[in-house]
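Structure first, commentary second.
Given the structure is predicted, the values throughout are model-derived calculations rather than measurements. Order of listing sets the numbers, starting from 1, for every ligand and every atom in it.
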Amino acid sequence: MLSRISDIFESPVRYVMVSFTDLHGVLRAKLVPKSHLNSVLETGAGFAGFAIGSVGQGPHDPDLTVRPDLSHWIPLNDAPDIAWTIGNLLLDGQPWHFCTRSLLQKVTEELRQQGIQAKVGIEAEFYLVKETENGHIIPADTYDRAAKTCYQLDVLARHLPFLTDAIDGLESLGIDVYQVDHEDGPSQFEINWVYDDALVTADRFSFLRFWVKRVAQREGLIATFMPKPFSHLTGSGAHVHLSLWDTHTGRNLFDDPTDPSGLSMMAHHFIAGVLSHAAALTAFVAPTVNSYKRLSSPTSLSGATWSPTTITVGANNRTHLIRIPGPGRFEFRAMDSSVNPYLGLAALLVAGFDGIRRRLPNIEPSKENMYGLSSTEIVDRHISRLPGSLDRALDALEADPLFSDAFGDAFIKGFLAYKRSEWDEYHQTVSPQEIQHYLFQ
Ligand code: ADP
Ligand code: MG
Ligand code: MG
Ligand code: MG
Ligand code: MG
């Protein structure tokens, strides 16, 4: 994925997709013939902000522009004359304060100045679906019906053409895939690739969502990263694994072999920071109405949702918000596949660093099965829950000043206003569940 700028001019690439990520993590792009790439590098490709529903942009406002970052360009392996690039959004030539890629870059740059690099892995879960003749969306593989379908070999084998195409493409683009599995839901899969710098991983996750959808389409399928496409089936998460590294010595600052969890004090402070801001953080990492159908679901056909409901830390235990899978890193399980990865990771880093700054005390990792606790037990033990809906997460965000300080007041106000209107729009629809529940009451 990392190539020198000059290489693109010497390569067989003829067209460049000049992309950016909008506030919601959706990639948008213009196609630029290589003969015009120089002018786009100088002045940027223009986009009407209002057309993409950008916060604070009216139809009368000047264009947002994108200059591609040509240290990261990717020739598509199924169309080598097309390259994918990504850049930051500018307004009047200045970094635009709603550009989430710039936000993550700013946060990671501040860390780099302190000699720290954040390294991140994201697990990408998604469903393959298809549309029936009467317009219903169902899991694509109609033979995949077992309740405990996870890792089933015959299902994996039926999807080899799709899976190997997807992996080949990702690998040829420099994304080092090490495992793919059939996940907990029918026609649900997960792709794992090797962790890297936070910004590089965010770029790769953005690209991966585009790529997986493209390959699925070639097979006549639809790939969806919606967090909870089916009420009774496991949702699609995007767990984050995180560690901090010393840029001078190359040492993992989260590693401490003398600690029972294999974590340094810095890691413990960081985790405590994430917990202390978890409710507000949820608005960024689980940013859609649908995200909370994944997070609040009591169970699923397989017997577990694999998503967290409580603001707690587990040992190597998948029923908590934070899991410690091994020494030197932690896993954060609230994030889902609808995330804007730049914003989600920037918020996670800001929350964790606040814990380091405040030297928040170590929280003992629990071995308890949180799925086994009743609501009453959770209340009796004073265990905090994650917000159960988008509007509650937005209230928590509004009440937590950390993110306004880090991202700016205008960003948080704009984000809240946009997301509240998304919630209101959802809330104004009468659902079939309400008809069933109240119509004959
Ligand atoms: P699990 O399903 O057990 O949660 P996966 O193997 O699916 O784990 O994903 C683990 C992710 O963690 C991968 O992206 C991997 O590269 C990443 N990872 C491993 N070690 C570290 C580390 N020290 N820092 C950040 N990410 C890491
Ligand atoms: Mg036009
Ligand atoms: Mg995994
Ligand atoms: Mg998984
Ligand atoms: Mg995981």
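In this structure, E110 does not pair ionically with R112, as no charged nitrogen and carboxylate oxygen lie closer than 4.0 Å. Salt-bridge annotation for D424 and K419: absent, with no side-chain N of the basic residue lying under 4.0 Å from a carboxylate O of the acidic one. Salt-bridge formation is detected for the pair R204/D196: a Lys NZ or Arg NE/NH1/NH2 atom is positioned less than 4.0 Å from an Asp or Glu carboxylate oxygen.
Near G121, meaning under 4.0 Å from one of its heavy atoms, ligand 1 places the atoms 14 (O), 26 (N). Annotation for ligand 1: atoms under 4.0 Å from non-hydrogen atoms of V194 are 16 (O).
Remark: distances from the non-hydrogen atoms of W193 to ligand 1 include one below 4.0 Å.
Atom OE2 is the N, O or S atom of E331 at the shortest distance from the Mg ion (ligand 5).
Where the criterion is an N or O separation shorter than 3.5 Å, residue side chain and backbone included, H241 meets it with respect to ligand 1. Considering backbone and side-chain N/O atoms, Q179 never comes within less than 3.5 Å of an N/O atom of ligand 1. Backbone and side-chain nitrogen or oxygen atoms of H239 are examined, and none is located within less than 3.5 angstrom of a nitrogen or oxygen of ligand 1. For N252, no nitrogen or oxygen atom sits less than 3.5 Å from a nitrogen or oxygen atom of ligand 1, counting backbone and side chain alike.
At least one side-chain heavy atom of V212 sits under 4.5 Å from a side-chain heavy atom of I191.
Partner of F98 under the ring pair (Phe, Tyr, Trp, His ring centres under 6.0 Å) criterion, out of F20, Y342, F411, Y418: F411 alone. Among F210, W211, F126, the single residue meeting the ring pair (Phe, Tyr, Trp, His ring centres under 6.0 Å) criterion with F225 is F126.
Atom 16 (O) of ligand 1 has as its closest protein heavy atom Y195 N, 2.9 Å. Here the protein heavy atom with the shortest distance to atom 23 (N) of ligand 1 is S243 OG, 3.3 Å. For atom 13 (C) of ligand 1, the nearest non-hydrogen atom of the protein is Y178 OH, 3.1 Å. Among protein heavy atoms, atom 2 (O) of ligand 1 sits closest to E123 OE1, 3.0 Å.
The aromatic rings of W423 and H427 sit parallel to each other, their planes meeting at less than 30°, with 60° as the upper class boundary. Note: F230 and Y127 have perpendicular aromatic rings, judged against thresholds of 30 and 60 degrees for the angle between ring planes.
Defined by atom type and a distance below 3.5 Å, a donor-acceptor pair is missing between the side-chain atoms of Q188 and T234.
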Quick one: do D395 and R392 satisfy salt bridge (charged side-chain N to carboxylate O under 4.0 Å, His left out)? Show the steps, please. CA-CA 5 Å; D395 287 347; R392 280 190 228 157; over 6 Å; no

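Taking the six-membered ring for Trp, W193 and Y178 have ring centres at least 6.0 Å apart. Between F189 and H159, the gap from one ring centroid to the other is short of 6.0 Å. The six-membered or imidazole ring of F284 lies near that of F407, with a centre-to-centre distance under 6.0 Å.
With a 4.0 Å heavy-atom cut-off, ligand 1 is reached by the side chain of R318 but not by its N, CA, C or O. With a 4.0 Å heavy-atom cut-off, ligand 1 is reached by the side chain of N192 but not by its N, CA, C or O.
Of all protein atoms, those that are N, O or S and lie under 2.8 Å from the Mg ion (ligand 4) total 3.
Between R323, E190, E125, it is R323 that holds the heavy atom closest to atom 3 (O) of ligand 1.
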